[in-house]
A.B. asks: 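The following block contains the structure, expressed as structure tokens.
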Number of protein chains: 2
Amino acid sequence: MAKKDDMLRLDSQLCFSIYACSREIIGLYRPLLDDLGITYPQYLVLLVLWEQKECTVKELGNRLYLDSGTLTPMLKRMENNGLVKRFRSQQDERVVLISLTKKGESLKERAYCIPEEFLAKSGFTLAEMKEMLVRLQSLRKQMNA
Amino acid sequence: MAKKDDMLRLDSQLCFSIYACSREIIGLYRPLLDDLGITYPQYLVLLVLWEQKECTVKELGNRLYLDSGTLTPMLKRMENNGLVKRFRSQQDERVVLISLTKKGESLKERAYCIPEEFLAKSGFTLAEMKEMLVRLQSLRKQMNA
DNA sequence: TGTAAATATATTGTTAACAATTTAATTGCA
DNA sequence: TGCAATTAAATTGTTAACAATATATTTACA
């Protein structure tokens with residue numbers, strides 16, 4: 001049963017390596033994000049809004065793979081911290097639109113250093129980084145098929 | 001500023017790809033783990049215990065990169081579900097030892113299919129899987145340096 | 001030996017992830 | 001037109017991650 005047992009060894013599990021890596025990266029980002037007064041998932045929301053200024057909760061969920069059960073309370077916290085505004089669409093009252101405040105907008109300038117810092121600490125070249133990105137995206141596509 | 005802005009695009013962020021992948025894999029595992037009556041982090045605890053039968057909370061934390069703030073309540077839940085036993089070491093009363101119950105032990109047999117299922121769904125060959133594993137481990141090592 | 005430092009776990013409080021359900025608005029179609 | 005099905009968010013409840021702190025035990029060494 002040694003071979004069978006090998007499959008169940010913690011250190012041979014890709015899933016664990018990805019899970020641990022994710023948490024480690026978030027830990028690396030934490031002091032930087034603390035300076036901006038945001039958390040990692042909030043940073044992801046801002047990334048989307050820095051790209052497109054305004055979007056619906058639904059669209060945010062599609063980009064980040066999160067549902068309203070996660071997003072609604074998080075967006076309320078961000079609203080309380082003055083980062084975003086929330087309001088119902090006039091055309092369709094079911095839809096909630098999220099847009100940046102001046103404060104949320106202004107954080108972008110201070111965020112450029114974050115991916116740079118990560119690239120530096122990762123020890124990867126930009127090419128290796130992209131290679132990895134492609135593999136992970138194909139993994140995700142596969143799993144959805 | 002287009003190039004600078006590119007760095008902040010959600011889809012060019014390796015960190016997001018890893019974070020999203022991690023959650024997606026856990027989602028893939030969920031129905032299988034539901035059958036066993038455990039969650040993903042609990043599965044990781046069992047992986048360690050299937051390897052070595054008994055260990056301390058400290059050792060579990062070292063393997064899984066989790067602290068007592070996460071482990072203590074989780075291990076209590078696992079104890080309530082009859083999966084593990086918890087008891088203080090006789091030699092050092094600070095230390096809490098975790099060991100498997102018959103029930104926890106017996107789940108191993110039903111868990112072999114989980115990494116197999118993942119390998120199948122990932123669309124990766126075993127070699128590609130290992131390649132990826134190595135890269136992620138080196139990324140983790142780098143970040144800790 | 002006695003006490004300060006170190007160590008292991010537990011506790012408290014905040015944020016997040018997600019299933020399941022609810023509420024409200026819109027759409028489709030008999 | 002009117003009502004059933006669909007859709008978008010919000011709500012509720014459970015588990016987890018983690019910072020900060022507390023408690024209890026052990027170790028080190030003055």
Side-chain angles (χ1 to χ4, degrees), chain A residues 16 19-31 33-46 55-81 83-84 86-98, chain B residues 16 19-31 33-46 55-81 83-84 86-98:
Chain A
F16 173 63
Y19 159 85
C21 235
S22 173
R23 286 173 36 228
E24 179 120 358
I25 296 171
I26 292 172
L28 200 70
Y29 278 28
R30 189 162 295 114
L33 296 175
D34 277 351
D35 286 347
L36 306 189
I38 57 178
T39 63
Y40 181 72
Q42 289 174 15
Y43 169 67
L44 297 180
V45 168
L46 291 180
C55 72
T56 67
V57 172
K58 181 76 178 171
E59 284 166 343
L60 267 179
N62 288 340
R63 294 294 303 275
L64 306 180
Y65 313 103
L66 293 170
D67 65 12
S68 67
T70 301
L71 287 171
T72 296
M74 184 163 75
L75 292 168
K76 282 182 181 172
R77 283 189 291 271
M78 293 178 78
E79 187 181 42
N80 287 337
N81 292 337
L83 298 168
V84 301
R86 299 163 65 243
F87 48 94
R88 297 242 163 218
S89 161
Q90 298 293 296
Q91 286 75 47
D92 185 339
E93 291 276 351
R94 289 170 303 180
V95 171
V96 170
L97 290 160
I98 308 296
Chain B
F16 173 64
Y19 159 85
C21 234
S22 173
R23 286 173 36 228
E24 178 118 359
I25 296 172
I26 292 172
L28 201 69
Y29 278 28
R30 198 177 319 273
L33 296 176
D34 277 352
D35 285 347
L36 306 189
I38 57 178
T39 63
Y40 182 72
Q42 291 174 14
Y43 169 66
L44 297 180
V45 168
L46 290 180
C55 71
T56 69
V57 172
K58 181 76 178 171
E59 285 165 344
L60 267 178
N62 288 340
R63 294 295 301 277
L64 305 180
Y65 313 103
L66 293 169
D67 66 11
S68 68
T70 300
L71 287 171
T72 296
M74 183 163 75
L75 292 168
K76 283 182 180 173
R77 283 188 292 272
M78 293 179 78
E79 186 181 41
N80 288 337
N81 291 336
L83 297 169
V84 301
R86 299 163 64 244
F87 48 95
R88 297 248 163 212
S89 161
Q90 297 292 297
Q91 286 77 46
D92 185 338
E93 289 276 351
R94 289 172 304 181
V95 171
V96 170
L97 290 160
I98 308 297

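The sequence lines fix the lettering, A, B, ..., with proteins before strands; numbering per chain opens at 1.
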A.B. asks: Mind running side-chain contact (heavy atoms from CB on, under 4.5 Å) on R88(A) and V95(A) for me, showing each step along the way?
C.D. replies: CA-CA 6 Å; R88(A) 297 242 163 218; V95(A) 171; over 6 Å; no

A.B. asks: Could you state the CG-P distance from L60(A) to dA8(D), rounded to the nearest angstrom?
C.D. replies: 14 Å

A.B. asks: Under the salt bridge (Lys or Arg N to Asp or Glu O under 4.0 Å) rule, what do E79(B) and R86(B) come out as? Steps first, then yes or no, please.
C.D. replies: CA-CA 7 Å; E79(B) 186 181 41; R86(B) 299 163 64 244; 3.3 Å; yes

A.B. asks: Can you name the closest pair of heavy atoms from C55(A) and E59(A) and give their distance?
C.D. replies: CB-OE1, 3.0 Å

A.B. asks: Is the charged tip of R63(A) near the ring of Y65(A): under 6.0 Å from the six-membered ring centre and within 45° of its axis?
C.D. replies: no

A.B. asks: Provide, to the nearest angstrom, the distance between the CD atom belonging to E93(A) and the P atom belonging to dA25(C).
C.D. replies: 7 Å

A.B. asks: In whole angstrom, what separates E59(A)'s CD from dT7(D)'s C1'?
C.D. replies: 14 Å

A.B. asks: Taking CD from E79(A) and C1' from dA10(D), how many angstroms apart are they, rounded to a whole number?
C.D. replies: 14 Å

A.B. asks: Whole-Å distance between dA10(C) P and L97(B) CG?
C.D. replies: 11 Å

A.B. asks: Report yes or no: is there a donor-acceptor pair, N or O only, under 3.5 Å between the side chain of R94(B) and the base of dT7(C)?
C.D. replies: yes

A.B. asks: Which atom pair, heavy atoms only, marks the closest approach of S22(A) to S22(B)?
C.D. replies: CB-CB, 4.3 Å

A.B. asks: Sugar-phosphate means primed atoms, P, OP1 and OP2; the rest is base. With that split, encode nucleotides 12-22 of chain C 5' to 3' as B, S or - using protein heavy atoms under 4.0 Å.
C.D. replies: ---SSBBS---

A.B. asks: Does a side-chain N or O of K58(B) approach OP1 or OP2 of dA10(C) to a distance below 4.0 Å, or not?
C.D. replies: no

A.B. asks: Spell out, as yes or no, whether a donor-acceptor pair under 3.5 Å connects the side chain of D67(B) to the backbone of T70(B).
C.D. replies: yes

A.B. asks: Within this structure, what is the CD-to-P distance between Q90(A) and dA24(C), rounded to whole angstrom?
C.D. replies: 19 Å

A.B. asks: Just the rounded figure in Å: distance from C1' of dT27(D) to CD of Q91(B).
C.D. replies: 16 Å

A.B. asks: Would you say R86(B) reaches dA10(C)'s phosphate, i.e. side-chain N/O to OP1/OP2 under 4.0 Å?
C.D. replies: yes

A.B. asks: Among V96(B), L71(B), L66(B), which residue meets the side chain to side chain contact (heavy atoms under 4.5 Å, CB included) test with L60(B)?
C.D. replies: L71(B)

A.B. asks: Check the distance between dA8(D)'s P and R88(A)'s CZ and give it to me in whole angstrom.
C.D. replies: 12 Å

